[in-house]
Amino acid sequence: QVQLVESGGGLVHAGGSLRLSCAASGRTFSTYVMGWFRQAPGKAREFVAAINRSGGTTNYADSVKGRFTISRDNAKNTVYLEMSSLKPEDTAVYYCAADSSYVVRTDRRVYDSWGQGTQVTVSS
C-alpha cells in the first residue's frame with residue numbers, strides 16, 4: 001500500500017477556486033490509479049475524479065465536470081485537484097485514494113489506500 005496525505009483545503013466563497021494536493025510515499029506511485037472522493041455531513045462518500053497511471057485518462061463526476069481538473073506529477077509523487085467555480089454544495093471532506101488496478105474506476109470500494117482527508121468549505 002501507499003501512504004497518502006492531502007493538503008490545500010480551506011474556506012472559500014462561492015465562485016472561488018482551490019487546489020488540493022495529495023502526496024504519496026514510496027517509489028511506486030506511478031503504478032497506481034489515483035482518485036479523489038468527497039464526503040459531506042450525513043452523506044455517503046462519493047466519487048469526484050480519477051486519473052490513470054500515466055495521466056492520460058481522466059474521469060469526472062457529472063457534478064464537477066467543467067469545473068474541476070485532476071492531474072498528477074509522477075516525478076513528485078503527487079496528485080492534484082484544481083477546483084474552480086466552487087459552489088456551496090461542494091462543501092465536504094475531500095479524500096484522495098489509490099487503486100492498484102490498470103483502469104480508472106469510480107467505485108470507492110476498489111481503492112486500496114486512503115488519505116486522512118482535507119476539509120473544503122464553500123460559503124454562499
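- V79 and V2 fall within the same hydrophobic cluster, where Ile, Leu, Val, Met, Phe, Trp and Tyr residues are linked whenever their side-chain heavy atoms come under 4.5 Å apart, directly or through other members.
- Centroid-to-centroid, the aromatic rings of F37 and Y111 come within less than 6.0 Å.
- Using a cut-off of 4.0 Å between Lys/Arg side-chain N and Asp/Glu carboxylate O, R109 and D107 are scored as salt-bridged.
- Note that CE of M34 is 4.5 Å distant from SG of C22, once rounded to the nearest 0.5 Å.
- Using a 4.5 Å heavy-atom cutoff, the side chains of V103 and N52 are not in contact.
- Contact between R72 and S30 at its shortest, heavy atoms only, is NH2-CA, 3.9 Å.
- Between F68 and W36, the ring centre distance reaches or exceeds 6.0 Å.
- The heavy-atom pair separating A14 from P88 by the smallest distance is CB-CD, 4.1 Å.
- Under the 4.5 Å side-chain heavy-atom criterion for grouping Ile, Leu, Val, Met, Phe, Trp and Tyr, V104 is not connected to L4 through any hydrophobic cluster.
- In the model, T69 has no side-chain atom that pairs as donor or acceptor with a side-chain atom of E82 under 3.5 Å.
- Here CD of E46 is found 9.5 Å from CD of Q39. Values are rounded to the nearest 0.5 Å.
- One distance of note links OG of S7 with CG of L20; it measures 8.0 Å at 0.5 Å rounding.
- Shortest non-hydrogen contact noted between S84 and R67 is OG-O, 2.8 Å.
- In this structure, K87 does not pair ionically with D90, as no charged nitrogen and carboxylate oxygen lie closer than 4.0 Å.
- The backbone N or O of S21 sits nowhere less than 3.5 Å from a side-chain atom of E6 that would complete a donor-acceptor pair.
- Across all their heavy atoms, V33 and I51 have their closest contact at CG1-O, 3.3 Å.
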Practice task
Apply side chain to side chain contact (heavy atoms under 4.5 Å, CB included) to D73 and Y80, showing your working.
Solution key: CA-CA 8 Å; D73 185 335; Y80 305 97; 4.1 Å; yes
Practice task
Assess whether side chain to side chain contact (heavy atoms under 4.5 Å, CB included) is satisfied between D99 and R105, documenting all intermediate values.
Solution key: CA-CA 8 Å; D99 176 9; R105 299 185 285 183; 3.0 Å; yes
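- Between A92 and R38, the closest heavy-atom pair is CB-CB, 3.8 Å.
- In terms of heavy atoms, G115 sits closest to Y95 at O-CD2, 3.6 Å.
- Atom OG1 of residue T118 and atom CG of residue L81 lie 11.0 Å apart, to the nearest 0.5 angstrom.
- No donor-acceptor pair under 3.5 Å is formed between the side chain of S100 and the backbone N or O of Y32.
- Without hydrogens or angle criteria, N59 side chain to A50 main chain gives no donor-acceptor distance under 3.5 Å.
- One hydrophobic cluster, built from ILVMFWY side chains closer than 4.5 Å, holds both V12 and M83.
- Geometrically, R108 does not engage W114 in a cation-pi contact defined by less than 6.0 Å to the ring centre and at most 45° from the axis.
- Side chain of N74 to main chain of T31: no donor-acceptor pair is present (N/O by atom type, distance under 3.5 Å, no hydrogens or angles).
- In this structure, the side chains of Q119 and T121 come closer than 4.5 Å at one or more pairs of heavy atoms.
- Under the 4.5 Å side-chain heavy-atom criterion for ILVMFWY residues, no single connected hydrophobic cluster contains both Y60 and F47.
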